[in-house]
Peer 1: 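Handing you this structure, nothing more for now.
Per chain, numbering begins at 1; letters A, B, ... match sequence-line order.
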Number of protein chains: 2
Amino acid sequence: MSRQDSGVAVMAEQKQPNRERIVATANRLFYTKGYNQTSFAHVADELGLSKGNLHYHFRSKNELLDAVIDLRMESIKQMLARWEKQYPDGKARLKRYARILLNEEADVVRYGCPMGSLNMELAKDQRDLQQHSRDMLELFRRWLEKACKQIGRRDYRALSLHIMARSQGAAMMAALYADVGLLKAEYKRLVDWIEML
Amino acid sequence: MSRQDSGVAVMAEQKQPNRERIVATANRLFYTKGYNQTSFAHVADELGLSKGNLHYHFRSKNELLDAVIDLRMESIKQMLARWEKQYPDGKARLKRYARILLNEEADVVRYGCPMGSLNMELAKDQRDLQQHSRDMLELFRRWLEKACKQIGRRDYRALSLHIMARSQGAAMMAALYADVGLLKAEYKRLVDWIEML
DNA sequence: GACATATTAGTACCCTCGTCCTAATCTCTC
DNA sequence: GAGAGATTAGGACGAGGGTACTAATATGTC
C-alpha cells in the first residue's frame, strides 16, 4: 500500500511526494537555467529540502536528468495521444504540432524550445547524456511521420524532419530576439506551407 | 613600434602573440564545449600557459567572451564583404548565405551553429551576456535584409528573419541527429525556396 | 509498542571554478 | 648594461560544484 493511498484522503491538501516535486522543480530549472547551470543545491533550496534528501532519491545528477526526461516524455506521449483523438485528419495534426510553440509562447521567447535547447547543451561534449534527450524529440518526429504518411506522402521521414527543423528554427529566433512576433510569423508560414502539401 | 614589426622578420616561424592565441583557443572551446563548460584552466592548459597569464590579458571571463565575439564579428564582416564582391545578385547572395552551414558541415553536425548555440546558452539566465552575442547574428540579418531589398521585396525584414530561422533550424536538427544529410536536405529546400521568391 | 524500512537533515569531502596577488622573467629603449 | 614596462608562472583565496556518509525522524507492519 503506497503512502498516498493510506489513511483518510486529504485531497487538495495532499502534498505531492517529494520525489515528484524534485523532478518537477528540476524540470523547470533545467529549462530556465540550463542543465549545467542548475545544481542540486538550487533544486533543494527552491523546495526547502536538504541536498542529502535529493541525493537519496537521485544518486547522481545524470539520474535526475533521466527522471526529468522520463517525465517530459510521459507528458508528451499523453499529449500526442490526445491530439490523435482530437484531430483525425493528417494535415490538422501537422498544424496542431506547429501551434505547439504558441501555447507556451512566453516561455519559448525567454528560454527557447525545452527539448531543443537541452539537446544542444548536451550535444557539446556530453554526448552520453544527449542520447536520452534525443529520444524525446523522436517521439514527436515519429508522430509527425505517421501524420505525413496519412496524407499520402511518400517522403514522410524527410517531411517530419523538415517540420521539426522549421519549429526549432522559429523557437531559436524568437528566443534570440525575445520577440513573440517572430514566433507567430514563423507559425503562419509553416501552417500555410502545410496547407499546400 | 609593436612587437611583431621590430627586429628581423621571422616570417613563418613568427609565433602569434599569446593574446591572440588565447582568443582563438577560447573561441574554439566556447564552441565545442560551450561557454559555461569552458574554464580559464581549460584554455590555459591547451596552450601550455598559466592561468595567471590569461588573467593578465583578460581580467574576467566575460572580457574573454567579448574578445571572442569581437573576433568572430570581425571575421564575419570580412566574409560578408567578400561575398558582396563575389555575388552582385541578391538571390545569389541569399543562396550563398544558405550554403554557409555546408562549409563547416562536420562541425555543425557535432556542435551546432556557433552563434545560435552560444546565444541559446546565454539566453538562459545570463541575458546580460546575450546582448553582444546577438550583435553577431544581427550582422548576418542586416546583410540578408539588404539582399532582400535588392531583389525588390518589401517584406525584407521578415524575409531576413525567416531565412535565418530556416538555417538555425537546419543546424539544430543536424546536430540533434548528428547527420550531414539533414543539413544538405534543408539546404536544398531553402535554396529552392529562395529561387521561387 | 516494537521493529524494519523509507525518508529526511546536516554536514563533510574533494574538486574545480573565477579571480586576484606576488615574484620572476622577458623585451625594448636609452 | 641598466632601467622601465610588458608579460609570464605559480599559487592563494573564497565560493560553489557533485557526491557520500551518518544520525535522526517518519512511516508501515506485526
Peer 1: Whether Ser39(A) contacts dG17(D) is assessed here as follows: a side-chain N or O lying under 4.0 Å from the phosphate OP1 or OP2. Is that the case?
Peer 2: yes
Peer 1: Can you find a side chain N or O atom of Asn53(A) that sits less than 4.0 Å from OP1 or OP2 on dT7(C)?
Peer 2: no
Peer 1: Check whether any side-chain N or O of Asn18(A) sits under 4.0 Å from OP1 or OP2 of dT7(C), and answer yes or no.
Peer 2: no
Peer 1: In whole angstrom, what separates Lys33(B)'s NZ from dT16(C)'s P?
Peer 2: 12 Å
Peer 1: Rounding to a whole Å, what distance do you find between Lys51(A):NZ and dA23(D):C1'?
Peer 2: 18 Å
Peer 1: Please tell me if the side chains of Met115(B) and Ser133(B) come closer than 4.5 Å, counting only heavy atoms from C-beta onward.
Peer 2: no
Peer 1: Check whether any side-chain nitrogen or oxygen of Tyr56(B) sits under 4.0 Å from OP1 or OP2 of dT7(D), and answer yes or no.
Peer 2: yes
Peer 1: For His57(A) and dT5(C), give me the distance from atom NE2 to atom P, rounded to whole Å.
Peer 2: 18 Å
Peer 1: Looking only at the side chain of Ala41(A) (C-beta and beyond, no hydrogens), which of the listed nucleotides dC17(C), dT7(D), dG17(D) gets closest?
Peer 2: dG17(D)
Peer 1: Do Lys124(A)'s NZ or CZ and the ring of Tyr111(B) fall within the cation-pi criteria of under 6.0 Å and 45°?
Peer 2: no
Peer 1: Within 45 degrees of the axis of the six-membered ring of Tyr35(A) and under 6.0 Å from its centre: does Lys61(A) put its NZ or CZ there?
Peer 2: yes
Peer 1: Atom CG of Asn36(B) and atom P of dG16(D): how far apart are they, to the nearest Å?
Peer 2: 16 Å
Peer 1: From C-beta outward on Phe40(B), which listed nucleotide comes closest to its side chain: dA9(C), dT19(D), dG18(C)?
Peer 2: dG18(C)
Peer 1: Test your reading of the model: is there a side-chain donor-acceptor pair from Lys51(B) to the backbone of Phe40(B), 3.5 Å cut-off?
Peer 2: no
Peer 1: Just so I know, are the side chains of Arg72(B) and Leu118(B) near enough to count as touching, which here means a heavy-atom distance under 4.5 Å?
Peer 2: yes
Peer 1: Using whole Å, report how far CZ of Arg21(A) lies from P of dT7(C).
Peer 2: 14 Å
Peer 1: How many whole angstroms separate atom NE2 of His55(B) from atom C1' of dA9(D)?
Peer 2: 14 Å
Peer 1: Hey, is the side chain of His42(A) poking within less than 4.0 Å of OP1 or OP2 on dG17(D), counting only N and O atoms?
Peer 2: yes
Peer 1: Roughly how many Å is it from CG in Asn62(A) to P in dG18(D), rounded to a whole number?
Peer 2: 10 Å
Peer 1: Can you measure Lys61(A) atom NZ to dC15(C) atom P for me and round it to whole angstrom units?
Peer 2: 19 Å
